Amino acid sequence: MIGIKSLQSLKFLAGYTMSLSPITWTKRWTFILAASGCAVGLGNIWKFPYITGENGGGAFVLVYLLCILALGIPIMMAETLLGRAGRANPIVAMRRLARNEGKSAWWSLLGGMGVLTGLMIIMYYSVVGGWALDYVMQSIQGNYIQADALTAKANFGDLAQDQNRQIIWHTLFIVLTAAVVGAGVSRGIGAASEILMPLLMIILVGLAFYSASVGDFSSTLKFMFNTDFSKLSGDSVIIAMGHAFFTLSLAMGSIMVYGSYMPEDSCIGRNVLLVAALDTGIAIVAGLAIFPLIFANGLEPSSGPGLMFESLPIAFGNMPSGAVVGGIFFLLISIAALTSAFSLIEPAVSWLEQLGIKRVISTVIIALIAWCGGLACVYSSEVFNSLDYLTTNIMLPLGGLLIAIFTGWVLRRVTVRKQLHSISMLSFNAWYITIRFIAPAGVIAVFLNKLNLI
Ligand code: TRP
């Protein structure tokens, strides 16, 4: 329960009316589906396979799994509990929680940083989401049928240079995102996740079976699960750790705001474990769907960010019914990107809403800001790259560190335990030690490395 007194003082301070009954997800499964929709995105299907390729395969996958277990899951539990205890968007939730403990209201700045980070990520994320939509169209048009490496590269180059075409797709991506978020938490995000996530999983598993049957599955298994530590550099460890944060959508309030809609009686530990397992499972299955095609066509697994838009079309273009399979694949990427995009603007929308602006109008305002930022990314790759660099390498690690510190050191142990009431004392203690010591140390290591200080 939220302290009525703190709610009233907040109301008084901000001069707006706020409903005392917080919105919650309608079904038990909705949090799990919405949160896994938020976590599963371009990070899993586009980024994970190619960074695995670049970092030597199996050993990298193992380190990534360790990072998910030791850092990702504990911080995700912390962020969810902050949301549920604060019962609001990140800015208000952080202020409320800090006040309740008699600590500085400046902690709401951490929420503010999260809202801002989400807006910065959506600006370039929606452009890549637009590329995925464009490739659905390219598949329908049969653009890459029997393409060789040069044609496939040229296809992507054409898109990258055609600003108007990118703007059309980016606009459509933002409009779709806004239509869902504007419809509301349960009727929009919840309902869309309930349909799109099962669809995504079915498509992905189908694709993995298909590519295992037509592609080179044994090389894939060897590549992804043969752990040769000699191929693992110090940098790979850091990349694995950074990716664990990005892929679980940690540290910017996405998970916090989704947690704020979680019913009081659901078990945070179990739900977070499930979401992390789904996210990781989907990343692995994405690898199992992509690499067999790459190997069967003699392509390089380490071909970088172009793996999805340059190498895969060659594979699709040269196999039976490739345009159909390719179209389905790019549709899958678009769905994954879309359900993540909801979570990138929801903290900002929910904040405006709490300031008294109607949800639909809040969504339009935020979507317009995101759209303008996207234009800047289309016109300038410098803006695109800086937004990516700033958010992933600086703001997310900083947010993660502060969330761990706030949960482990600022909140009282009883407050935290109350939210994690349904896990055993042993698990709670293990988690508490991790959140106080191990997670901050790990994040500091990522942070320093990204700044090239270690
Ligand atoms: N996790 C998503 C992906 O893998 C992206 C994402 C959504 C995200 N919300 C986020 C990343 C919040 C960091 C923070 O594509």
Side-chain angles (χ1 to χ4, degrees), residues 34-52 64 67-68 71-73 75-76 79-80 83 89-90 110-111 113-129 131-132 173 177 180-181 189 193 196-197 200 204 239-259 272 275-276 278-287 305 308 332-350 366 370 387-403 443 446 450:
S36 50
C38 150
V40 175
L42 295 167
N44 302 60
I45 304 172
W46 168 59
K47 223 170 175 188
F48 176 72
Y50 90 74
I51 57 175
T52 300
Y64 159 80
C67 292
I68 294 277
L71 302 174
I73 291 174
I75 294 190
M76 197 172 187
E79 197 176 329
T80 313
N89 63 79
L110 174 57
M113 186 176 83
V115 168
L116 189 69
T117 311
L119 288 182
M120 289 166 73
I121 296 180
I122 187 76
M123 289 173 183
Y124 68 88
Y125 203 86
S126 63
V127 176
V128 183
W131 295 346
F173 188 88
T177 307
V180 171
V181 174
I189 302 174
S193 308
L196 294 176
M197 286 315 286
L200 178 142
L204 189 61
I239 293 174
M241 205 172 352
H243 186 64
F245 285 107
F246 186 88
T247 191
L248 291 178
S249 300
L250 298 182
M252 62 128 286
S254 280
I255 290 296
M256 202 186 292
V257 78
Y258 279 20
V272 163
V275 171
L278 275 173
D279 183 73
T280 309
I282 287 174
I284 304 266
V285 177
M308 194 165 86
L332 166 85
I333 311 268
S334 311
I335 294 177
L338 208 59
T339 52
S340 297
F342 306 154
S343 77
L344 289 168
I345 62 168
E346 175 59 21
V349 169
S350 149
I366 298 301
L387 283 175
D388 185 13
Y389 181 88
L390 252 175
T391 50
T392 314
N393 300 342
I394 296 174
M395 294 165 92
L396 290 184
L398 190 62
L401 175 66
L402 292 173
I403 284 174
V443 180
V446 179
K450 293 288 188 181

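Counting starts at 1 for both ligands and their atoms, in listed order. Because the structure is a prediction, the values reported are computed rather than measured.
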Ligand 1: protein N/O within less than 3.5 Å of ligand N/O:
{"residue": "ligand 1", "atom": "1 (N)", "partner": "A39", "partner atom": "O", "Å": "3.0"}
{"residue": "ligand 1", "atom": "1 (N)", "partner": "F246", "partner atom": "O", "Å": "2.9"}
{"residue": "ligand 1", "atom": "1 (N)", "partner": "T247", "partner atom": "O", "Å": "3.2"}
{"residue": "ligand 1", "atom": "1 (N)", "partner": "S249", "partner atom": "OG", "Å": "2.9"}
{"residue": "ligand 1", "atom": "4 (O)", "partner": "A39", "partner atom": "O", "Å": "3.1"}
{"residue": "ligand 1", "atom": "4 (O)", "partner": "G43", "partner atom": "N", "Å": "3.3"}
{"residue": "ligand 1", "atom": "4 (O)", "partner": "N44", "partner atom": "OD1", "Å": "3.4"}
{"residue": "ligand 1", "atom": "9 (N)", "partner": "S249", "partner atom": "OG", "Å": "3.2"}
{"residue": "ligand 1", "atom": "9 (N)", "partner": "S254", "partner atom": "OG", "Å": "3.4"}
{"residue": "ligand 1", "atom": "9 (N)", "partner": "S343", "partner atom": "OG", "Å": "3.2"}
{"residue": "ligand 1", "atom": "15 (O)", "partner": "L42", "partner atom": "N", "Å": "3.0"}
{"residue": "ligand 1", "atom": "15 (O)", "partner": "G43", "partner atom": "N", "Å": "2.8"}
{"residue": "ligand 1", "atom": "15 (O)", "partner": "Y125", "partner atom": "OH", "Å": "2.5"}

Can you list the steps and then say if I333 with W46 is a side chain to side chain contact (heavy atoms under 4.5 Å, CB included)? CA-CA 8 Å; I333 311 268; W46 168 59; 5.5 Å; no
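- Atom CD1 of residue I121 and atom CE of residue M252 lie 6.0 Å apart, to the nearest 0.5 angstrom.
- With values rounded to the nearest 0.5 angstrom, T117 atom OG1 is found 11.0 Å from I394 atom CD1.
- Residues meeting the salt bridge (Lys or Arg N to Asp or Glu O under 4.0 Å) test with E346, sequence neighbours left out: R359.
- Listed by chain and number, the residues in a ring-ring contact (aromatic ring centres under 6.0 Å, His included) with F48 are Y64 (sequence neighbours excluded).
- A search for side-chain contact (heavy atoms from CB on, under 4.5 Å) contacts involving A244 returns C67, I68, not counting sequence neighbours.
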